[in-house]
**Q** 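Okay, here's the structure, questions in a sec.
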Amino acid sequence: MSVSVINPLSVRCRIRHLVSASLLLGLSGCGLFGHEKAPPVPKLASAETLYNNGIDALRTRRYTLAAAEFEVLQQNYPYSGYVANAQLMEGYSYYLKGKYPEAVQQLNRFIGLHPTSADAAYAYYLRALCFYEQIADVQRDQQGTVESMDALEEVITRFPQSKYARDAQLKIDLCRDHLAGKEMLVGRYYQQERNYEAAINRYQRVVEDFQTTNHVPEALERMVEVYLDLGLTDQARKSGIVLGYNYPGSKWYRFAYSNLKRYKLLSDNFPVPGKLITAPKASAATTTPPTAAGAAPAPSALGQQPGAAQPMDIQKAPVAPVKAEPAPPDQARVL
């Protein structure tokens, strides 16, 4: 009687093939039996109908459908009088959906094709908001903050008299405060690690490059601490004097004054710390900027009734901040 010998290698190969086949079936099953809805596909109609359907979709917050309606219009009626408005409204639809890269791409398309449009200021402003909404927390890379500042500055440079310039400047100030907060975060880390030279460089950058931000008093006080740790008493006194004359009521000057007094480095040049009523608040830009969709001022086309024979005019948005900045919590002193 013959006995068949099973090759272990062939068994392992068969098991591998079975596992691979089951994985493929599982993946295909996800696609076949998944519950994700396919994106809506607009029905081809006249340019006017597509445009008004897109406006209706925006009003009912069906942003994906709205973008699709405007895109179909552009593809099938490239010479229609509705095209320019459809391009801008598609970018707005993507913005409301939170698809900021797609919104930027569409707005760049509008700006490139209609640089002299009456709605160009709004397009530049909305594009800047797309970058602004993506600003990361101070603990992460701040390249997005730099891009946001560049886009906001372009609004001010190109349209200084527009109603968007003031809000763009306010947001630039918040971006600068955000960048200063990042420098302070890194500086405090270096100080804790006793890498004093690196810490001083970060604090000095805040004092020199971000003078209008709320982080300057703390940066000066941290410089006093580091210089005292290094035994550089003259530099510590100079930093303390600058802090005292510019922010006499700040809690950071009270900390610096106390440290310098302990080292017997005070002189008549130092003002007496003012009475601190409330602790300074942290800058709103040091928190993660809000990213909820639906915050940009809506083009006035959304207030029109569909069925017009001509494209609806998209007027400039109201001069209101895009988002109400949340009240920041009191800043706790670290270290």
Side-chain angles (χ1 to χ4, degrees), residues 63 67 70 84-183 205 209-213 283-300 314-326:
Y63 304 130
F70 296 130
N85 280 12
Q87 291 171 349
L88 187 55
M89 297 303 290
E90 183 178 353
Y92 183 64
S93 302
Y94 283 132
Y95 172 84
L96 294 178
K97 186 65 176 177
K99 294 185 175 181
Y100 301 120
E102 291 87 344
V104 169
Q105 182 180 10
Q106 186 64 25
L107 292 168
N108 285 336
R109 181 179 177 186
F110 173 85
I111 292 170
L113 294 174
H114 312 283
T116 60
S117 169
D119 299 310
Y122 179 81
Y124 275 96
Y125 177 69
L126 185 58
R127 186 183 67 169
L129 296 186
C130 291
F131 291 112
Y132 183 79
E133 297 290 352
Q134 298 179 82
I135 294 178
D137 183 79
V138 291
Q139 297 186 9
R140 303 177 63 183
D141 181 74
Q142 294 302 303
Q143 180 60 33
T145 308
V146 176
E147 293 177 350
S148 177
M149 287 181 59
D150 292 341
L152 290 166
E153 287 174 353
E154 190 170 10
V155 174
I156 298 175
T157 302
R158 290 180 178 272
F159 310 99
Q161 303 303 321
S162 73
K163 57 179 65 178
Y164 308 109
R166 180 177 179 274
D167 186 62
Q169 184 59 59
L170 290 175
K171 285 180 170 51
I172 287 175
D173 293 340
L174 290 172
C175 289
R176 290 177 57 81
D177 204 80
H178 201 70
L179 292 175
K182 175 67 173 183
E183 294 296 322
R205 187 184 177 198
D209 297 343
F210 302 101
Q211 296 181 4
T212 59
T213 68
S283 167
T286 59
T287 59
T288 305
T291 57
S300 62
I314 302 176
Q315 299 177 359
K316 297 173 183 177
V319 191
V322 177
K323 288 187 180 296
E325 300 294 341

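Scope of the values below: all heavy atoms of this structure, side chains included, with no hydrogens, waters or symmetry mates.
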**Q** Mind checking what makes side chain to side chain donor-acceptor pair (under 3.5 Å) contact with Thr145, not counting sequence neighbours?
**A** Gln142
**Q** Quick one: does any side-chain atom of Thr213 pair with a main-chain N or O of Phe210 as donor and acceptor, under 3.5 Å?
**A** yes
**Q** Strictly by salt bridge (charged side-chain N to carboxylate O under 4.0 Å, His left out), give each pair with a member in residues 142-162 just once, sequence neighbours left out.
**A** Arg127-Glu154, Glu154-Arg158
**Q** Does the pair Leu129 and Lys171 meet the rule for a side-chain contact (heavy atoms from CB on, under 4.5 Å), with working shown?
**A** CA-CA 9 Å; Leu129 296 186; Lys171 285 180 170 51; 4.0 Å; yes
**Q** Could you go through Glu133 and Tyr95, starting from their C-alpha distance and side-chain angles, then the distance that decides it, and tell me whether this counts as side-chain hydrogen bond (donor to acceptor under 3.5 Å, both in side chains)?
**A** CA-CA 10 Å; Glu133 297 290 352; Tyr95 172 84; 3.0 Å; yes
**Q** Which atom names give the shortest non-hydrogen contact between Ala168 and Ile156, and what distance separates them?
**A** CB-CG1, 3.9 Å
**Q** Evaluate the side-chain proximity of Asn108 to Gln105: yes if any heavy-atom separation is below 4.5 Å, no if none is.
**A** no
**Q** Ignoring hydrogens, what is the shortest heavy-atom contact between Tyr132 and Leu152? Give both atom names and the distance.
**A** CD1-CD1, 4.4 Å
**Q** Return the CD to CG distance between Gln169 and Asp173, rounded to the nearest 0.5 Å.
**A** 5.0 Å
**Q** Let's go through Tyr92 and Phe70 carefully: what are the C-alpha distance in whole Å and the side-chain angles of both, what is the deciding distance for side-chain contact (heavy atoms from CB on, under 4.5 Å) to 0.1 Å, and is it a yes or a no?
**A** CA-CA 11 Å; Tyr92 183 64; Phe70 296 130; over 6 Å; no
**Q** Can you tell me how far the OG atom of Ser148 sits from the CD atom of Gln143, to the nearest 0.5 Å?
**A** 11.5 Å
**Q** Identify, with sequence neighbours excluded, every residue that meets salt bridge (charged side-chain N to carboxylate O under 4.0 Å, His left out) alongside Glu183.
**A** Arg202, Arg205
**Q** Under a 4.5 Å cut-off applied to non-hydrogen side-chain atoms, are His114 and Asp119 in contact?
**A** no
**Q** Between Arg109 and Gln106, is any pair of side-chain heavy atoms under 4.5 Å apart?
**A** yes
**Q** Which heavy atom of Pro115 sits nearest to which heavy atom of Ala120, and what is that distance?
**A** O-CB, 3.8 Å
**Q** Just to verify, what does Tyr94 make a ring-ring contact (aromatic ring centres under 6.0 Å, His included) with, not counting sequence neighbours?
**A** none
**Q** Tell me every residue that passes ring-ring contact (aromatic ring centres under 6.0 Å, His included) with Phe131, counting only those two or more places apart in sequence or in another chain.
**A** none
**Q** To the nearest 0.5 angstrom, please state how far the CG atom of Leu107 sits from the OH atom of Tyr100.
**A** 12.5 Å
**Q** For side-chain contact (heavy atoms from CB on, under 4.5 Å), just list the numbers for Tyr164 and Phe159, CA-CA rounded to whole Å, side-chain angles, deciding distance to a tenth of an Å, and then say yes or no.
**A** CA-CA 8 Å; Tyr164 308 109; Phe159 310 99; 6.0 Å; no
**Q** What closest approach, in Å, do Ala123 and Leu88 show between heavy atoms, and which atom pair accounts for it?
**A** CB-CD1, 3.9 Å
**Q** If we only count heavy atoms from C-beta on, is the Tyr125 to Ser162 side-chain gap below 4.5 Å?
**A** no
**Q** Which pair of non-hydrogen atoms, one from Val104 and one from Cys130, has the smallest distance, and what is that distance?
**A** CG2-CB, 3.6 Å
**Q** Can you tell if the side chain of Met149 reaches within under 4.5 Å of the side chain of Leu179, non-hydrogen atoms only?
**A** yes
